[in-house]
Protein chains: 2
Amino acid sequence: MARGTIISAIERLKDEGYLKSIPGSKTFVANVLPEKFLSRSLPPVAVHSGHSKPVALSEYGKRLRPVRYYAQPRTIAFRVNLPALDLFPIDLWTKMAAKKWRGASTSLLLGGEPFGYLPLRTSLSSYLRTSRSIICDPEQVLITSGIQEALDLSTRILVSAGDSVLMEDPGYQVAFAGFEAAGARIVSLSVDNEGAVPPTKAGLRARLMYITPGHQFPTGATMSYRRRMQILRYAHTEGTCIFEDDYDSEFRFEGSPLPALHGLDSKAQVIFAGSFNKTLFPSLRLGYMVVPHGLVDAFKMCKSISCRHHPWGDQAILHAFIEEGHYVRHLRRMRKVYSERLQLLADEVRKHLEGALELLPVEAGMQTVGWLRTGQNPEDIAALALEENVDVIPLSRYCYRRQVPPGLQIGFGGVDGKSILQGVQILAKLIS
Amino acid sequence: MARGTIISAIERLKDEGYLKSIPGSKTFVANVLPEKFLSRSLPPVAVHSGHSKPVALSEYGKRLRPVRYYAQPRTIAFRVNLPALDLFPIDLWTKMAAKKWRGASTSLLLGGEPFGYLPLRTSLSSYLRTSRSIICDPEQVLITSGIQEALDLSTRILVSAGDSVLMEDPGYQVAFAGFEAAGARIVSLSVDNEGAVPPTKAGLRARLMYITPGHQFPTGATMSYRRRMQILRYAHTEGTCIFEDDYDSEFRFEGSPLPALHGLDSKAQVIFAGSFNKTLFPSLRLGYMVVPHGLVDAFKMCKSISCRHHPWGDQAILHAFIEEGHYVRHLRRMRKVYSERLQLLADEVRKHLEGALELLPVEAGMQTVGWLRTGQNPEDIAALALEENVDVIPLSRYCYRRQVPPGLQIGFGGVDGKSILQGVQILAKLIS
């Protein structure tokens, strides 16, 4: 063997503690091999039976309930909140990741501030100014793992057990579950075609109001300007913080977006939350929130205790992705794809389900609602469809106290043309 | 220009919605340019003054207090919990990251289970069996962002306001802060050279006991086998869950590690938490916990509500890093480096500070304690040292109710030889 190979093998064995060399003398095998330090000296005493008595839970723990989460998709069509993953420029992302990691500074390996990687927060604050009319300092931008974490942090910091919260009904199920676990008294807001309707009577003094003004989830309504101002006036009078979930307003097909509530609020009572999990890919788990100045310290302490800060690497990659223009370019491409998919879905539904399923005209996003005009039970249709690998969600599953007309939530973002055709044909077979 | 270049530019403009082409006809500039969909239509109504009245906090929010977090290091020596970042094989990590991302499947981009990436959890369950005597299924392994998150989840699920918790004193400050924020009644455990001492009288029925048996933080004591069994008996009698923080037992310099408490526990009352933030690099924010079977569902629900799951990419890279043997190889290398640094530190302290600063002989980790024998106040020394860019932490800062002899916590993991010499010289100037 080459001398170089042998020397480098010996160096490695020395580095890892297998060999020891005494300067000016020879190289020996170490007295104690490194394995000794890495493995147990004693066998485990007992194997857990797995059947011991359950440990008692906290009040919070007792109030937890299961929420739906998606494992890998097995359906061919209409899963909601699913972006077109096959169109994500993964090779570009890989290249940027390698560029960031290669020769990364120790400061990138170290991390630090609870609110996250400052260059990314700075990019976001200027992105939000142009795209969402939000004026904020980077110090108000907290990097989260998504809107879910933003809501969880807000609930912890603002809502005690017994406090009232206002929540759109129908609305995002996981928000209901979070508020219930916190022990909040949930007061539900009805939703019309201008979005969530604020309570008519005053004096509730709710601590938090959850709304999706950009594109109401799940009904798809965009909140009118008039309604936005009503909501803000209500919040200001009552001292209620607004949690603005802006989960998919990046994908608008018609008109310009209205300014975010956060941008209209003169009293710093709106917490704004957005996410990259749908605009890029869900397993990235990266989002952000804009926190009013007065709450920055509380969020910083809470984030420090809950997980220190978000992992640094993906933040640095995303920062480069945004700064080099790839993010906006990807949004433009996806907007076009989703708009074409929605158009195809609408055409197919009109062709095969005229009068039976009436599609809501949505202006943004990756899903819509089909109103069922046949008198059939949406739960029955959903169950039958799932047997044929078609995933549609009865709107009633999003209801807390209120009722909605029979309807199905239908995702189109992650469903390609062929699957849209197939999916509609299966629905057409079941709905009549 | 080449025809190909022009065609690909036109295709891209079409993809992004700038151009429109009608099949069989010509290509036109789109009526509405995509910018319209991405930027606001109205200017923001008002700029936040940043001086509006502070929003009221929840009970939890009111109990939060600031914890120390590290921004970038400005000191030359002795920062604790800092690994040797310049020795991390960043190029290898980059290569593995690129390999994982390149052509990543849509399933990697999708994510899913709240407990994390199953292949990594499976690797960990076998790693823990060999190295820490822990026998567990992958379904009990929850991927977290580190021990901090593991403790936060455990506290939420097990501790209500007013419940008692047991906590090592002196102990990890952020654990104190977390328990205080939860409204727990903190009962402090004294620490001797066998580790934390269980309470002598029964009947407290604490919900959670936080301990660091591998290497007590900050005193460095390794918990004896006898004490481990005492602690377990106490926990079983009282129905107390143990949170075993195994933050640095990977770096042992002498002898084999004792089996983890988790491995000795016959009644499934131990939650075990470990981290890669110190064995690899801190900004990775990756750790794990082993949850008793009876608590798996509660943790799953809590994790789903708090952040869905940990980001997928780093989990996949780490999985490959472990499976290809790089992880254990890196541990072996670092163990040797840290052991040499500790030796150098001990030699230098003996040379320059004999009789003034007595170094505790530690068996593992990246920091130790120096007992101050000069009658000087450790806070004064720490303040003076910091002015000269030397970071040592008075042990009293880790105390809650109890007192400790005057001592300084001294990190050596992330401090190279030259800086150890410099740092000790600065300390020798101040301590006399």
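The figures here come from the full heavy-atom set of this structure, side chains too, leaving out hydrogens, waters and symmetry mates. Reminder, nothing fancy here: chain letters follow the sequence lines and each chain counts from 1. What you see is a predicted model; the values in this text were computed from it and never measured.
A donor-acceptor pair under 3.5 Å is absent between the side-chain atoms of A:Ser304 and the main chain of B:Val67, judged by distance alone. Between the side chain of A:Lys62 and the main chain of B:Ile157, no donor-acceptor pair closer than 3.5 Å is present. In this structure a side-chain-to-backbone donor-acceptor pair under 3.5 Å is present from B:Arg207 to A:Ala56. Not one N or O on the side chain of A:Thr106 forms a donor-acceptor pair closer than 3.5 Å with the backbone of B:Leu85.
Contact check for B:Asp297 versus A:Leu64: no side-chain heavy atoms found under the 4.5 Å cut-off. Taking 4.5 Å as the limit, some side-chain heavy atom of B:Glu16 sits within range of a side-chain heavy atom of A:Arg329. Between B:Val337 and A:Asp15 the shortest side-chain heavy-atom distance does not fall below 4.5 Å. Side chains of A:Ser283 and B:Leu110 form no contact here, defined as non-hydrogen atoms less than 4.5 Å apart. Proximity of A:Arg102 to B:Asp91: side-chain heavy atoms (C-beta onward) are separated by under 4.5 Å at one or more points. Side chains of B:Val174 and A:Arg308 form a contact here, defined as non-hydrogen atoms less than 4.5 Å apart.
Of the listed residues B:Lys99, B:Gln148, B:Lys95, the one with more heavy-atom pairs under 4.5 angstrom with chain A than any other is B:Gln148. In terms of non-hydrogen atom pairs under 4.5 Å with chain A, the most contact-rich of B:Val159, B:Leu153, B:Asp137 is B:Val159. Counting heavy-atom pairs closer than 4.5 Å to chain A, the top-ranked of the candidates B:Leu286, B:Leu109, B:Thr144 is B:Leu109. Highest contact tally toward chain A, considering only B:Lys300, B:His309, B:Arg65, is held by B:His309 [criterion: heavy-atom pairs under 4.5 Å]. Here A:Ser145 is the residue among A:Gly287, A:Cys136, A:Ser145 with the most heavy-atom pairs under 4.5 Å with chain B. Ranked by heavy-atom pairs shorter than 4.5 Å toward chain A, the options B:Pro114, B:Pro66, B:Gly313 are led by B:Pro114.
In this structure, chain B has heavy atoms under 4.5 Å from both the backbone and the side chain of A:Arg333. Contacts of A:Cys302 with chain B are made by both backbone and side-chain atoms, with heavy-atom separations under 4.5 Å. For A:Tyr117, no part sits under 4.5 Å from any heavy atom of chain B, backbone or side chain. Proximity to chain B is limited to the side chain of A:Asp314, based on heavy atoms less than 4.5 angstrom apart. Contact annotation for A:Asp163: neither backbone nor side-chain heavy atoms come within less than 4.5 Å of a heavy atom of chain B. For chain B, the nearby part of A:Leu284 is the backbone; its heavy atoms alone come within less than 4.5 Å. At a 4.5 Å heavy-atom cutoff, B:His330 makes no contact with chain A through either its backbone or its side chain.
Closest of all the heavy-atom pairs between B:Asp152 and A:Ile305 is CB-O, 3.9 Å. Between A:Ser160 and B:Glu59 the shortest heavy-atom distance is OG-N, 2.7 Å. Pairing each heavy atom of A:Ser58 with each of B:Arg156, the nearest pair is OG-O, 2.5 Å.
Here the OG atom belonging to A:Ser105 is positioned 12.0 Å from the CG atom belonging to B:Asp86, to the nearest 0.5 angstrom.
Under the salt bridge (Lys or Arg N to Asp or Glu O under 4.0 Å) criterion, A:Arg63 pairs with no residue at all, not counting sequence neighbours.
The six-membered or imidazole ring of A:Phe281 lies near that of B:Trp101, with a centre-to-centre distance under 6.0 Å.
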